[in-house]
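Heavy-atom basis, side chains included; hydrogens, waters and symmetry copies ignored.
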Amino acid sequence: MMVEKRSYDRLVARIGALAGRVAELCRRQDKTLQHWLDNEEVCLLLNIQKRTLQRYRERGLLPCTQIRHKVYYKTADVERLLAASALRSGSKR
């Protein structure tokens, strides 16, 4: 199969642009995922067991997102729960 040089060059340029766009999207996704925590990380941060974390999810105390069989939490939501917990424990004194 013969292809004109000009057509080939345009094809290579388009593939290069596509590869650059894919790389940019991957970088953005990596930055976004850095703000998410998994079950184990949240349990360590909150010093709780997995069952307690499950109750928090069931009661709506800690919003989450599930991707396939893995559950993720926004860092901001975990910090908000910690702050609310600190306020409650502080008011009991």
Side-chain angles (χ1 to χ4, degrees):
M1 181 169 152
M2 302 275 300
V3 178
E4 289 182 23
K5 181 175 178 10
R6 187 176 58 202
S7 297
Y8 175 78
D9 290 342
R10 280 194 304 228
L11 178 62
V12 169
R14 287 179 127 177
I15 291 172
L18 179 61
R21 180 73 176 133
V22 168
E24 175 61 27
L25 289 172
C26 288
R27 275 193 297 278
R28 286 184 191 174
Q29 183 177 3
D30 287 345
K31 289 178 185 176
T32 303
L33 288 177
Q34 290 175 358
H35 300 290
W36 292 83
L37 304 168
D38 64 15
N39 282 329
E40 186 176 341
E41 293 169 318
V42 173
C43 285
L44 288 172
L45 283 171
L46 299 178
N47 195 28
I48 58 174
Q49 299 295 316
K50 287 182 180 181
R51 180 64 185 122
T52 303
L53 183 56
Q54 184 179 348
R55 279 195 297 271
Y56 286 1
R57 284 195 312 266
E58 290 168 353
R59 294 178 184 166
L61 297 174
L62 188 57
C64 65
T65 298
Q66 186 171 350
I67 301 174
R68 295 191 185 200
H69 299 290
K70 191 153 176 140
V71 179
Y72 295 96
Y73 307 86
K74 287 184 180 179
T75 305
D77 291 334
V78 175
E79 290 171 350
R80 192 172 19 261
L81 183 65
L82 277 170
S85 175
L87 285 173
R88 282 192 301 272
S89 65
S91 64
K92 292 180 182 178
R93 292 181 183 170

- For Arg80, check salt bridge (charged side-chain N to carboxylate O under 4.0 Å, His left out) against everything at least two apart and list the hits. Asp77
- Message: So, using salt bridge (charged side-chain N to carboxylate O under 4.0 Å, His left out) as the criterion, who are the partners of Arg6 when residues are at least two apart?
- Response: Glu4
- What pairs meet the salt bridge (Lys or Arg N to Asp or Glu O under 4.0 Å) rule with one or both residues in residues 10-23, with sequence neighbours excluded? none
Table please: side-chain donor-acceptor pairs of residues 62-72 below 3.5 Å, with sequence neighbours left out.
unit_1 : atom_1 : unit_2 : atom_2 : d
Gln66  : NE2    : Arg68  : O      : 3.0

- Item | Residues forming a side-chain hydrogen bond (donor to acceptor under 3.5 Å, both in side chains) with Arg59, sequence neighbours excluded | none
Which side-chain N or O atoms in residues 38-51 pair as donor and acceptor under 3.5 Å with protein atoms at least two apart or in another chain?
unit_1 : atom_1 : unit_2 : atom_2 : d
Asp38  : OD1    : Glu40  : N      : 3.3
Asp38  : OD1    : Glu41  : N      : 2.9
Asn39  : OD1    : Arg57  : NH1    : 3.4
Asn39  : OD1    : Tyr73  : OH     : 2.7
Glu41  : OE1    : Asp38  : N      : 2.9
Arg51  : NH1    : Gln54  : OE1    : 3.3

- Message: Connecting only ILVMFWY residues whose side-chain heavy atoms lie within less than 4.5 Å of each other, what is the rest of Leu11's hydrophobic cluster?
- Response: Ile15
- Query: Does Val3 have any side-chain contact (heavy atoms from CB on, under 4.5 Å) partners at least two apart in sequence or in another chain, and if so, which?
  - Reply: Met1, Ser7, Tyr8
